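Quick notes on the structure that follows.
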Amino acid sequence: MDSASTSHFLSANRLTIKGIIVACLILIMLIPTVFVMNLVNERADRQETVAKEVSSKWATQQTVTGPVLVIPYKESIQSEDGKTTVHKKYAYFLPDQLRINGVLQPEIRHRSIYNIVVYEADMQIEGYFGPAQTEGLHIAKEDLQMQEAFVCIGLSDFRGIEDQLSLLWNDSSHIFNAGMPDDRIIKNGLNTPVALNDDDLTKSNTFKLQLHLRGSENLSFTPVGKTTNVNIASIWNNPSFDGNFLPVNPPQITEKGFNAEWKVQHLNRNYPQSWKDSNYDIADSRFGITLLQPVDSYSKTMRSAKYAILFIALTFGLYFFIEILQKRTVHPIQYVLVGLALSIFYTLLLSISEYIRFNIAYSIAAAATVALITLYTKSVFHKWKIAMLFGIMLTMLYTFIFVLLQLQDGALLFGSIGLFIVLASVMYYSRRINWYGS
């Protein structure tokens, strides 16, 4: 093909070639978006690391398990050669009634630019153990070592214990000690001996203890009672109720805090009221409260970055259409500069939202980006009318994305409708373009 033919081919297909170039630039400008997403993940990981550091010095998430009554017993085993050996084993008994009433006092701890939620919990735990049904466990009363019986309670992090913990067992007080004589059921816990006699096995035994506990972010409970009632109140107004059981009634959540109540029956879980020689994972049935941060700027920044291709494609597409209609050539470098300005929006949003509220940070970053691109568009096309058109288009687009970020369940629906309207508008106005240049 000679130079004249080449020149004619380029002239006849000028719009097609420029369209391909613009499409390639759109894909290339997604590369900075990937770096932005990696930066968001890095900052979120840093926040999680700082939260773990603060929690390690305060106390981590807490799970309260128990109390559980444990009675050792002797079991004789005869070997094949006729020798008899005596082994010490344990029988476990859960309370018939367990009531927990507590108040959660949250506190925001600051480390550098990060905020970490910690709490202090003041809880009263009480209830009673019914008569011990040892016959169902096939344990002879003479094999029970009732003088070595103990009550244990499980805690995830001992650093959260603020005061000396004592158990009021019937009318006598017992001091808890750290550690577990048998840790098959409760790995981390406290125990206190409660010597029993024959009469104690045939009657109900009451218990009561006051627990002052520190923790971070989450407080959970294990429903060991035949009937477990838990009531927790707090001034924190952004809780999440998680685990295997939800509150029995819709929890009362107001600007002043929340109040939640749980009621769990023994039929709702997968372990019995008493057993021996079995290793039930009773912690799997736990439930509780997570104190959520009011605003997670990193998750919202990540969500907004996922719409980067929409910003870049619409802005480049509008530049391309105006370039054709105004018969003014825009250099690919100018497209790249506009794309970089759109990418810088996310770093502005990320950095500013670490210091102030996300909504305000979004407004500042969007206003700065819209102003920059509007002024640059004026210098490219030399017309304020076109520049203001770009400014209005970007403002509407940033507003649309902001609304989507505030939505949860309806984000996909409204996003799909919005994109359909945008595509319809582009198709409508593109009909005026003479794509063949004739």
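Because the structure is a prediction, the values reported are computed rather than measured. When reading the values below, keep in mind they use all heavy atoms of this one structure, side chains included, and skip hydrogens, waters and symmetry mates.
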Return the [atom1] to [atom2] distance between [X] and [Y], rounded to the nearest 0.5 Å.
| X | Y | atom1 | atom2 | answer |
| --- | --- | --- | --- | --- |
| Ile28 | Ile312 | CD1 | CD1 | 11.0 Å |
| Leu219 | Arg286 | CG | CZ | 12.0 Å |
| Asn38 | Arg43 | CG | CZ | 14.0 Å |
| Lys89 | Ile139 | NZ | CD1 | 10.0 Å |
| Thr33 | Leu39 | OG1 | CG | 12.5 Å |
| Leu397 | Thr369 | CG | OG1 | 11.5 Å |

Beyond-backbone contact of [X] with [Y], side-chain heavy atoms, under 4.5 angstrom:
| X | Y | answer |
| --- | --- | --- |
| Leu155 | Thr63 | no |
| His138 | Lys276 | yes |
| Ile417 | Ile421 | yes |
| Leu209 | Ile153 | yes |

Ser172 side chain to Leu168 backbone, donor-acceptor under 3.5 Å
no
Could you tell me whether a side-chain N or O of Gln147 sits under 3.5 Å from a main-chain N or O of Leu196, the two making a donor and an acceptor?
yes
For [X] and [Y], work out which heavy atoms get closest and say how close.
| X | Y | answer |
| --- | --- | --- |
| Pro67 | Ile125 | CD-CG2, 4.3 Å |
| Tyr346 | Ala308 | OH-CA, 3.2 Å |
| Thr222 | Ala283 | OG1-CA, 4.3 Å |

Aromatic contact between Phe345 and Tyr398, with the criterion being ring centroids under 6.0 Å apart: yes or no?
yes
Ring-ring centroid check Phe207 Tyr128, cutoff 6.0 Å:
no
Please determine if Glu148 and Lys88 form a salt bridge, counting it only when a charged side-chain N lies under 4.0 Å from a carboxylate O.
yes
Can Ser156 and Asn188 be said to form a side chain to side chain contact (heavy atoms under 4.5 Å, CB included), step by step?
CA-CA 6 Å; Ser156 302; Asn188 299 314; 5.9 Å; no
Can a side-chain donor-acceptor contact be found between [Y] and [X] if the only test is distance below 3.5 angstrom?
| X | Y | value |
| --- | --- | --- |
| Ser285 | Tyr271 | yes |
| Gln210 | Asp122 | yes |
| Gln97 | Asn229 | yes |
| Ser216 | Asn218 | no |
| Ser240 | Thr290 | no |
| Tyr119 | Gln62 | no |

Mind telling me whether Tyr280 and Trp275 have parallel, tilted or perpendicular rings, with 30° and 60° as the class edges?
perpendicular
Using the side chain to side chain contact (heavy atoms under 4.5 Å, CB included) rule, pick out the option among Leu167, Val68, Asn191 that qualifies with Val151.
Leu167
Is it possible for you to check whether Arg159 lies under 6.0 Å from the centre of the six-membered ring of Trp58, through NZ or CZ, and within 45° of that ring's axis?
no
By the definition ring pair (Phe, Tyr, Trp, His ring centres under 6.0 Å), identify the one residue from Tyr376, Phe320, Phe316 that meets it with Tyr335.
Phe316
Check: residues 245-262 side-chain donor-acceptor pairs under 3.5 Å, at least two apart:
| from | atom 1 | to | atom 2 | distance (Å) |
| --- | --- | --- | --- | --- |
| Thr254 | OG1 | Lys256 | N | 3.2 |
| Asn259 | OD1 | Asn231 | ND2 | 3.4 |
| Trp262 | NE1 | Phe245 | O | 3.3 |

Ile175 atom CD1, over 12 foreign heavy atoms within 6.0 Å
yes
Please say whether more than 12 non-hydrogen atoms of neighbouring residues, nucleotides or ligands are located less than 6.0 Å from NZ in Lys263.
no
Derivation of the side chain to side chain contact (heavy atoms under 4.5 Å, CB included) call for Val336 and Met29:
CA-CA 7 Å; Val336 171; Met29 292 313 301; 4.1 Å; yes
Donor-acceptor contacts under 3.5 Å from residues 99-109 side chains, at least two apart:
| from | atom 1 | to | atom 2 | distance (Å) |
| --- | --- | --- | --- | --- |
| Glu107 | OE2 | Arg109 | NE | 2.8 |
| Glu107 | OE2 | Arg109 | NH2 | 3.4 |

